[in-house]
Amino acid sequence: MTSPVFFPETPGPALSLGRKGLWFTVWLVLSLVIDVAAVQAKEPQQSVQTLLGKMSQALRERDYRGLFTYEFGGALQTLRVTHRVVDGNEYEHLEYLNGPSRRIERSGRNIECLSPADQVLRGVMPVLQGDYHGLAQHYRFFMQDDERIAGRPVSVLQIMPRDEYRYGYSLSIDKQTFLPLAAMTVSTNRKVLERLQFADLELEPSDEWVSVVGAAEVSRSHWGDCEQRNETLNWQVGWVPSGFVAASSYRQAEVGESRVYTDGLSVFSVFLRPMGKEVAAQGRAQRGATVAYMQQLQLNEEPYTVTVVGEIPARTAQRIAASLRLESNAGG
């Protein structure tokens with residue numbers, strides 16, 4: 001039996017379900033899929049690239065309000081999201097409409113900021129240096145028959161992994177606005193881990209959302225800085241799935257040291273912290289597609305806790321955690 005583990009914070013858009021709330025895990029895949037370099041599809045390659053590029057732009061730059069359902073692990077939740085862009089900055093409200101009364105508010109991200117995954121896909125991340133060969137080596141892309149979501153026609157894109165170390169996805173993209181109106185995350189054995197689907201979409205919403213009241217719990221935060229931190233750490237991860245690159249590294253008092261990795265679609269973080277005298281939890285926790293795997297390691301005869309959090313299979317997270325090593329010049 002596994003022990004409970006926590007979902008620590010990570011910077012930027014690589015936000016898991018337990019760390020920053022339900023919305024950010026579900027929307028992760030929707031906000032990262034852009035500018036695919038090469039795909040396999042029933043339609044010409046360029047048409048798929050254009051569709052994904054327009055979807056990415058719509059997510060960041062359009063004003064919209066919508067009702068959607070989110071399903072994971074047999075649970076079904078209904079939520080309302082409102083997204084506005086004011087003076088080039090994003091503002092977002094998320095309200096839970098069933099269960100405990102909760103609301104999440106985020107603000108402050110310039111629409112021109114690029115996430116690590118965006119940088120990988122666009123080939124502008126300095127660490128790549130020509131070694132990254134695109135998503136087509138790790139995923140297959142197929143256009144399916146058009147469907148209708150929330151009364152609106154959508155294009156359906158299926159994304160299938162080429163190995164067992166990552167998940168597959170299905171995206172339903174509005175033909176008029178290019179907003180993704182439905183999404184599924186699928187495991188390697190084709191089990192649906194998460195399902196999001198809009199029931200209603202309103203474009204150009206009014207400013208009434210600013211004065212929403214009545215939530216018993218309100219969480220307010222700002223998006224992280226546009227600049228990604230790359231601090232020098234004295235440890236490395238010995239194994240990650242092919243196609244993943246280190247996007248950033250940083251230190252944070254409450255969670256220790258961390259590295260963020262992405263292949264352009266999926267994102268995971270690796271945390272390392274000295275154990276001290278406390279007894280650290282070990283094991284796995286999973287909610288939807290997001291896994292948190294924690295274990296204890298002896299590094300240079302000192303006890304550490306390593307935690308891997310992200311939208312990856314549990315066995316992938318376990319192998320990543322076991323591969324962590326201190327640098328040869330690190331003190332013991």
Side-chain angles (χ1 to χ4, degrees), residues 13 23-71 78-85 88 90-94 111-112 114-115 117-118 121-122 134-136 139-161 167-186 190 192-206 209 264-266 289 311:
W23 171 249
F24 306 118
T25 296
V26 182
W27 209 247
L28 177 65
V29 64
L30 306 182
S31 62
L32 298 183
V33 185
I34 62 171
D35 298 336
V36 178
V39 298
Q40 296 179 354
K42 295 179 180 178
E43 296 184 6
Q45 171 182 321
Q46 186 58 41
S47 67
V48 177
Q49 292 180 324
T50 300
L51 176 65
L52 293 175
K54 289 181 177 180
M55 185 191 75
S56 172
Q57 184 177 5
L59 278 169
R60 302 295 298 273
E61 299 182 11
R62 291 200 71 112
D63 292 351
Y64 57 88
R65 176 190 288 125
L67 291 174
F68 68 93
T69 58
Y70 173 59
E71 181 181 1
T78 305
L79 304 99
R80 177 187 292 115
V81 62
T82 304
H83 182 270
R84 296 288 306 277
V85 177
E90 290 184 81
Y91 297 84
E92 185 174 85
H93 282 196
L94 180 71
I111 60 174
E112 296 185 358
L114 294 179
S115 71
D118 293 334
L121 290 172
R122 298 186 184 191
L135 285 174
Y139 297 92
R140 295 182 175 91
F141 295 81
F142 300 94
M143 294 300 302
Q144 304 297 322
D145 294 337
D146 291 347
E147 293 183 356
R148 197 163 162 267
I149 304 291
R152 306 175 66 90
V154 296
S155 302
V156 181
L157 177 62
Q158 184 178 7
I159 305 171
M160 300 176 61
Y167 291 138
Y169 307 97
S170 178
L171 302 175
S172 299
I173 304 171
D174 191 317
K175 284 181 170 290
Q176 177 189 354
T177 66
F178 298 100
L179 289 168
L181 299 186
M184 290 192 300
T185 305
V186 184
R190 300 188 178 183
V192 176
L193 300 174
E194 296 178 344
R195 187 196 310 267
L196 175 150
Q197 183 166 313
F198 275 81
D200 179 70
L201 180 67
E202 175 189 354
L203 303 176
E204 308 297 335
S206 67
W209 65 284
L265 272 176
S266 300
E311 276 197 333

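Nothing fancy with the numbering, it's 1 onward along the sequence.
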- Message: How close do Val156 and Asp145 get, counting heavy atoms only, and between which atoms?
- Response: CG2-O, 3.6 Å
- Item | Phe178 vs Val154 side-chain heavy atoms within contact, under 4.5 Å | no
- Task: Over all heavy atoms of both residues, which pair between Leu171 and Ala183 is shortest? Give the atoms and the distance, please.
- Result: CD2-CB, 3.9 Å
- Which atom pair, heavy atoms only, marks the closest approach of Arg60 to His83? O-CE1, 3.5 Å
- Item | Sequence neighbours excluded - salt bridge (Lys or Arg N to Asp or Glu O under 4.0 Å) pairs with any residue from residues 175-185 | Asp146-Lys175
- Task: Could you please spell out the steps behind the side-chain hydrogen bond (donor to acceptor under 3.5 Å, both in side chains) verdict for Tyr64 and Glu202?
- Result: CA-CA 6 Å; Tyr64 57 88; Glu202 175 189 354; over 6 Å; no
- Task: Report the C-alpha distance between Thr177 and Arg62 in whole Å, list the side-chain angles of each, state the deciding distance to 0.1 Å, and finish with yes or no for side chain to side chain contact (heavy atoms under 4.5 Å, CB included).
- Result: CA-CA 8 Å; Thr177 66; Arg62 291 200 71 112; 4.1 Å; yes
- Nearest heavy atoms of Pro161 and Gly168, plus distance in Å: CD-CA, 3.6 Å
- Item | CD on Glu90 to CZ on Arg84, rounded to 0.5 Å | 12.5 Å
- Are side-chain heavy atoms of Thr82 and Glu92 found at a separation under 4.5 Å? no
- Query: Quick one: CE on Met184 to CD1 on Ile159, what's the gap to the nearest 0.5 Å?
  - Reply: 11.0 Å
- Query: Out of curiosity, Ser266 OG to Tyr139 OH, how far, rounded to the nearest 0.5 Å?
  - Reply: 3.5 Å
- Message: Among residues at least two apart in sequence or on other chains, which ones pass side chain to side chain contact (heavy atoms under 4.5 Å, CB included) with Leu67?
- Response: Arg80, Leu97, Asp200
- Message: Less than 4.5 Å apart, side chain to side chain, heavy atoms only: is that true for Leu203 and Asp63?
- Response: no
- Does a donor on one side chain sit under 3.5 Å from an acceptor on the other, for Tyr167 and Glu311? no
- Query: Are any of the side-chain heavy atoms of Leu157 and Met143 separated by less than 4.5 Å?
  - Reply: yes
- Item | Trace of the side chain to side chain contact (heavy atoms under 4.5 Å, CB included) decision for Leu181 with Ile173 | CA-CA 6 Å; Leu181 299 186; Ile173 304 171; over 6 Å; no
- Message: Assess the residue pair Glu194 and Tyr70 against the criterion (side chain to side chain contact (heavy atoms under 4.5 Å, CB included)); give the C-alpha distance rounded to whole Å, side-chain angles, the decisive distance to 0.1 Å, and a yes or no.
- Response: CA-CA 7 Å; Glu194 296 178 344; Tyr70 173 59; 2.8 Å; yes
- Please name the pair of heavy atoms, one in Phe198 and one in Ile149, separated by the smallest distance, quoted to 0.1 Å. O-CG2, 3.6 Å
- Query: Can you check whether Phe68 reaches Val81 side chain to side chain, under 4.5 Å on heavy atoms?
  - Reply: yes
- CE of Met55 to CG of Leu179: how many Å apart, nearest 0.5 Å? 9.5 Å
- Item | Nearest heavy-atom neighbours spanning Glu147 and Ser172 | OE1-OG, 4.4 Å
